[in-house]
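What follows is one structure encoded as structure tokens, with my remarks underneath.
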Amino acid sequence: MIKVRMNDKIIEIEAGKRIVDLIGDKKYLAARVNGELRDINTEITEDVELNLIDFSTEEGKEIYWHSSSHVMAMAVKKLFPDAKLAIGPAIDQGFYYDFDKKEPFSPDDLAKIERKMKQIIDQDIPFERVVMKNKEILDFFEKRHESYKVQLIKEIEAEEISLYRNDDFADLCRGPHVPSTGYIHAFKLLSLAGAYWRGDVKETMLQRVYGISFPTQDQLNDYLKKIEEAKKRDHRKLGTELELFSIFEEAGAGLVHWHPKGATLRRIIEEYWIKEHLAADYQLNITPHIARGRLWHQSGHYDFYRDNMYALPVENEEYILKPMNCPGQILIYKSKVRSYRELPLKYAELGTVYRNELSGTLHGLLRVRGLTIDDAHIFCQPEQIEDELTKVLELAQKMLNKFGFHEFQVELSVRDPKDKEKYMGSDEEWERAEKGLIAALKRVGLEYKRMEGEAVFYGPKIDIKLLDALGREWQASTIQFDFNLPRRFDIEYMDRDGKHKQVVVIHRAIYGSLERFIGCLIEHYAGSFPLWLAPVQVVVMPITDKENRYAQQIVKRCKKQGLRVALNDKSEKINYRIREVEVSKVPYMLILGQREIVDKMVSVRKHKEGNLGQMKLKEFFSLLESEQGGEN
RNA sequence: GCCGGGAUAGCUCAGUGGUAGAGCAGGGGUUUUGUAAACCUCAGGUCGGGGGUUCGAAUCCCUUUCCCGGCUCCA
């Protein structure tokens, strides 16, 4: 007999029993055996401590989805024996598997694969772990003509490698897996996509199938429903419905046209930005949209960014439509000798730039070709770095919070320690910059993820990412050191000791771009903007035309109060108009009938909440004032 | 840019080789309305663009633009 401590209970069993035999139901998918992840098909031969893993945990989900991807691959191999297996991992939400197959999958194939998966699940085929010597396993997959697996094996240094078998299907895999295919209950294949082998453009394009699975049908239904709900928040859909913006085929891809309501929203966001930046000692400047080619040669953009730049001929010279604001701002800095007394000097600009992004990457407002960066450049001395970075992070936090963004992913991108050659700047600069970034993150108390080797060649950076309705990450704020431009432009200041010294340049943006930020904002609020952002804040509605004059007076007083107000006096029933305004997501309606005229009141209806009853107009104004500031 | 799927009225969508449709939105009229859709009526489309096959194309083929989902890229 051996002792097993399982989920904090100790039981005695005979040696050689499998973990799964100790468990009653199929809830548990795998286990940690003395801390190590194992299949629950594993036999127990000695005293151990077991922690059972179910679907509710991150690990559980990963195992479940990974096993699901094996089931999908099994089905694909049965239906299309020529398809070669590439990789099939679990991802944040579900799983995928990449196949190399001559004929791409058609959407109809998904249904076929699903049916075959169902059969495989019904057969409840065991997942069997097999450990082989490196050489053996190589032969095994070579015989099966699984060339991608062969490539992967060749890169594994371990002497023994595991694979998982289900009948005649086998996949190179570390595991663990659920004990048998019957553990996969509710699943759905979601989409098809092309994906390069190893994410490399020069490699073969594989066929990727995405799917999701859950232990119960209800969970699957909930998930699918959630996706449907998220699609209703899509900023592209809401942008049209709420008349915020358009992107026209006839005008060009990725070029945003702001309608009056969208332009109002954007103007409010810009005005808030200006207010905060002036308060934080930034100075505003404005730089031109085009500049001579030689400027972009000097900055280095011409060498590194040419493919993304739009060029235009001007007389006998090439001009460039600016893809960035840095060179212009730097010229302003350099327009005279700067003293250390001026530093830190902070230039900010809502700079509209144009970038020739690959057509396949464009996405509503979130990825465009013409964008306005809320750009700023901080010129400072080395010893000012930490304070300045801290101020930027504080400002970013404050401003993002103002818009209701409280949770965001923060990434610190540093250079690849193994390949220091490919970066500009000295070791000293990199170390100082990185130290400053980390210290600032610590000072403002932001959790962050360190991204080794993700820095751009000219310096380390911090990125803050916002999520869209479907949970996809989009970079908003960014704080980047630049060791390149100060050298290329000889950006200096006169120090206290009378010597010219190279200045430290930090690029930073808080919104990232107005376009992307507003795209995320629309999805964040699902189009129901808080009062301070709503393009129209109040709609005044007389019930019949007997109240029109009173309504006009109310509109006038609202305008005088500084509200964005509209009158809706069309000859539709009041219920019709209430619905009309309700779906347009305007925060407040004032409904005026004979009663209101007699009592000198307004009847207030709040978006999503309904009738708040009658009040004096002054009371209404103070009600609005209490929520006018947004969050903070 | 690459892989796959798309594009029909302002919007959402039906229409698989034989005279282009619906709902909503819009115009006109009737209705004067009390907290989420009154009624009648009218108008609206080179079926994304170009080329081809066919007696005949929204429908089949080619091409191009744009969109969607991924991949890649993201100074």
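By convention in this document, chain letters (A, B, ...) are assigned in the order of the sequence lines, proteins followed by strands, and residues within each chain are numbered from 1. This one's a predicted model, so the numbers in the text were calculated from it and none came from an experiment. What you see below is based on every heavy atom in this structure, not just the backbone, and it leaves out hydrogens, waters and symmetry mates.
Using a 4.0 Å heavy-atom criterion, one finds that A:Arg306 contacts no nucleic acid atom at all. Counting any heavy atom pair closer than 4.0 Å across all strands shown, A:Ala195 reaches sugar-phosphate atoms only and no base atom. Nucleic acid contact for A:Arg595: base, since at least one base atom lies under 4.0 Å from a heavy atom of the residue.
In terms of position on RNA chain B, the residue among A:Val583 and A:Leu362 whose nearest nucleotide sits closer to the 5' end is A:Val583. RNA chain B is contacted by both A:His363 and A:Val456; A:His363 maps to the nucleotide lying nearer its 5′ end (nearest heavy atom per residue).
On a pure distance criterion of 3.5 Å, no polar donor-acceptor pair joins the side chain of A:Arg236 and the base of B:C67. Side chain A:Tyr196 to base B:G1: a donor-acceptor pair is found below 3.5 Å.
Rounded to whole angstrom, the span from the CD atom of A:Gln207 across to the P atom of B:G70 amounts to 16 Å.
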The contact string for nucleotides 8-14 of chain B, one letter per nucleotide 5' to 3', using protein heavy atoms under 4.0 Å with B, S and - for base, sugar-phosphate only and none, comes out as -------
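A:Lys101 forms a cation-pi arrangement with A:Phe105, by the criterion of a distance under 6.0 Å to the ring centre and an angle within 45° of the ring axis.
Residue A:Ser359 places at least one side-chain N or O under 4.0 Å from the OP1 or OP2 atom of B:G1.
Take A:Asn285 and apply the side-chain contact (heavy atoms from CB on, under 4.5 Å) test, not counting sequence neighbours, and it matches A:Gln329, A:Ile332, A:Tyr347, A:Glu349.
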Using a cutoff of under 3.5 Å, can you pull out all pairs of nitrogen or oxygen atoms linking the protein to nucleotides 22-26 of chain B, with atom names and distances?
{"residue": "B:A25", "atom": "OP1", "partner": "A:Tyr576", "partner atom": "OH", "Å": "2.8"}
{"residue": "B:G26", "atom": "OP1", "partner": "A:Lys570", "partner atom": "NZ", "Å": "3.4"}

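In this structure, B:A36 makes no Watson-Crick or G-U wobble pair, since no nucleotide meets both defining distances under 3.5 angstrom. Base-pair partner of B:C73: not found among the strands shown (Watson-Crick or G-U wobble, both distances under 3.5 Å). Across the strands present, B:G4 finds its partner in B:C68; the criterion is a Watson-Crick or G-U wobble pair with both atom distances under 3.5 angstrom.
How far CG of A:Leu110 is from OG of A:Ser191: 8.0 Å, rounded to the nearest 0.5 Å.
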